[in-house]
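Small disclaimer: the values here were computed from a predicted structure and weren't measured. These numbers come from the heavy atoms of this one structure, side chains and all, not from hydrogens, waters or symmetry mates.
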Amino acid sequence: MTQHVKRRMSVALMVLAAFLAGIFVVSAGSSFLSDRSLVSEGEAAAVEVPEPPAAVLAMEDAFEQVAAAVNPTVVQIQSSRRVERSSNGQMRFFEEFFGRRPDGQERDEFQLQAGLGSGVIVRDDGFIVTNNHVVEDADELEVVLYDGRTLDATIVGTDPLSDLAVIKVDGDDFPFVTYGDSDDLRVGQWVMAFGSPLARELSNTVTAGIVSALGRFSNSGEIEDYVQTDAAINPGNSGGALVNLRGELIGINKAIYSRSGGSQGIGLAIPVNTVVGVVDQLIDNGEVRRGYLGVSFAPVTESLARATGAPRGAARIADVQAGLAADRAGLEIDDIIVAVDGRELVNSNQLLSMIATRRPGDEVDLEIIRDERRRTVTVELGTRVGDEVAANGNNDRQEEERDESQDMEKMKDDLGLTLQTLTGTLARELDVEVSAGVLVADVSTSSEAFRDADIRRNDIIVQIDKQDVENTDDFARIYRSIEAGDTFLVRVQRGPNGFLTALTKPE
């Protein structure tokens, strides 16, 4: 084929391609203009949306039915209290020297401070449960019902240790919520939160989410064992209802974890089984009487848990009060409590909550580990000598634990040592003859203690700075008295043998 023929064929193909492209553009444009014309004339067919699956519609119906059933039982609580009025300098001058404001009005030393919260009606004769912090120190309380009525309310009883309170409005035939069972809750279960978040005009707001976690603790000194949910909870939701998809109350909204002050998907609720016990006593007696075990306790260490097979949430008995319930039942120091009435502890602090929700005289079955063997001990609970004393005592104990924890963190930072008090159980496990001292639970390989002082894991420190140490408190006390930069002697027991070494306190 000659070059000339090839050139003519190429030109012909280009023309053909251009022609076909033109037809395509014209056809597409015609179709587009035709569609635009149809749309402008209002003749276009509506977009067809497929019917949602039956399961989706059933879920939607469930949320609607729960909202319709529960909302009438949820109230908004408006509180006010008298607080001392603050004045600016000029106003204070007139008030202090003339006894009146510059506008001629008499001085009022107090002003009303408004508060907002939520509550749930739990009986048809007007008893309402809410948080203690919602009504605490309130001089006046008003309750706004779902139907818009506003009623005066009185406080029946409060329980700061659980942060629960009961108030009452006059009347009868009120709609009320039914109780569920928080022991049946499972992570991932759907829940709905009700309340008045942020503002009065947002009453009876409903949000939905799941149970994110169970057995949450914040070490506040209160009774804790919270239900965590990602259902949106905000300030004002406190005291409102957390319910399951049966419309049963499974918690009272209490608090949020937030860096912004608003909901970030971590809300906490008091489980209903705690609520029921407190509410019934407040209604019947105006106060709460709690069972008492008579022990102090601490979490088990990682090494102790491994050695005994105890769950990480177990509680080690640190002290038994003579003559009280635990002592009468035969519990001993270093017994490890792993379960209460068959419910395994997920956090050692849970023991306080589980015992404090029982009444004096109740019997509880404690599953314990002693000498690496599990056994069950039945304890008849005693009586707390006043909840306020118990709460303060608990706060004192927790403050001591925090101080000790800070001391141990300093030992770890300064010396590279993780220390714990040697107990009889640990001594038997390590097969050592010493009965008192501080166990080296871990040692940093980059520390002076490891490199130069030859201190190793499971060594027992029995003396520092020529003074005997029987526990971590002794170690921390003596260490605090040593000047920064000073070197001090350390006597260590390793197996049947001991040796003397030295450490330096960092500048």
Could you walk me through whether Ser238 and Lys254 pass side-chain contact (heavy atoms from CB on, under 4.5 Å), step by step?
CA-CA 5 Å; Ser238 291; Lys254 172 183 167 61; 6.0 Å; no

Heavy-atom closest contact ([X] atom, [Y] atom, distance):
X	Y	value
Val338	Ala314	CG1-CB, 3.9 Å
Leu345	Gln350	CA-OE1, 3.5 Å
Val187	Ser212	CG1-O, 3.6 Å
Ser118	Thr130	O-OG1, 2.7 Å
Val279	Tyr179	CG1-OH, 4.1 Å
Gln281	Arg289	OE1-N, 2.9 Å

Which residues pass the side chain to side chain donor-acceptor pair (under 3.5 Å) test with Thr376, not counting sequence neighbours?
none

Going by the rule side chain to side chain donor-acceptor pair (under 3.5 Å), which residues pair with Arg123 if we only count those two or more places apart in sequence or in a different chain?
none

Minimum side-chain heavy-atom gap [X]-[Y] below 4.5 Å:
X	Y	value
Ile337	Asp335	no
Val364	Thr378	no
Ile210	Gln189	no
Pro360	Leu381	no
Arg290	Val278	yes
Phe176	Phe127	no
Asp362	Glu380	no
Ile128	Val75	yes

Using a 3.5 Å distance criterion without hydrogens, assess whether the side chain of [X] forms a donor-acceptor pair with backbone atoms of [Y].
X	Y	value
Asn132	Ala165	no
Asn244	Gly247	yes
Asp159	Val288	no
Arg374	Ile369	no
Asn253	Gly239	no
Arg358	Tyr292	no
Ser182	Asn273	yes
Asp280	Gly277	no
Asn131	Asp163	yes

More than 12 foreign heavy atoms under 6.0 Å from CG of Asp170: is that the case here?
no

Taking everything shown except Arg375 itself, do over 12 heavy atoms lie less than 6.0 Å from its CZ?
yes

Roughly how far, to the nearest 0.5 Å, is the [atom2] atom of [Y] from the [atom1] atom of [X]?
X	Y	atom1	atom2	result
Asp124	Asp172	CG	CG	7.5 Å
Leu141	Leu151	CG	CG	12.5 Å
Tyr146	Gln76	OH	CD	13.5 Å
Ile355	Phe297	CD1	CZ	9.0 Å
Asp183	Ile250	CG	CD1	12.0 Å
Leu242	Leu268	CG	CG	10.5 Å

Qualifying residue, where the test is side chain to side chain contact (heavy atoms under 4.5 Å, CB included) with Asp365 and the options are Asp341, Val340, Val379:
Asp341

side-chain contact (heavy atoms from CB on, under 4.5 Å) between Val211 and Gln228, worked out:
CA-CA 6 Å; Val211 174; Gln228 180 183 326; over 6 Å; no

With sequence neighbours left out, write down each residue that passes side chain to side chain contact (heavy atoms under 4.5 Å, CB included) with Asp184, or none if nothing qualifies.
Asp181

Under 3.5 Å side-chain donor-acceptor pair for Asn71 and Asn204:
yes

May I have the step-by-step check of side-chain contact (heavy atoms from CB on, under 4.5 Å) for Val66 and Val243, ending in yes or no?
CA-CA 9 Å; Val66 171; Val243 305; 3.8 Å; yes

Go through the steps to decide whether Val177 and Val122 satisfy the test side-chain contact (heavy atoms from CB on, under 4.5 Å), and finish with yes or no.
CA-CA 5 Å; Val177 75; Val122 293; 4.2 Å; yes

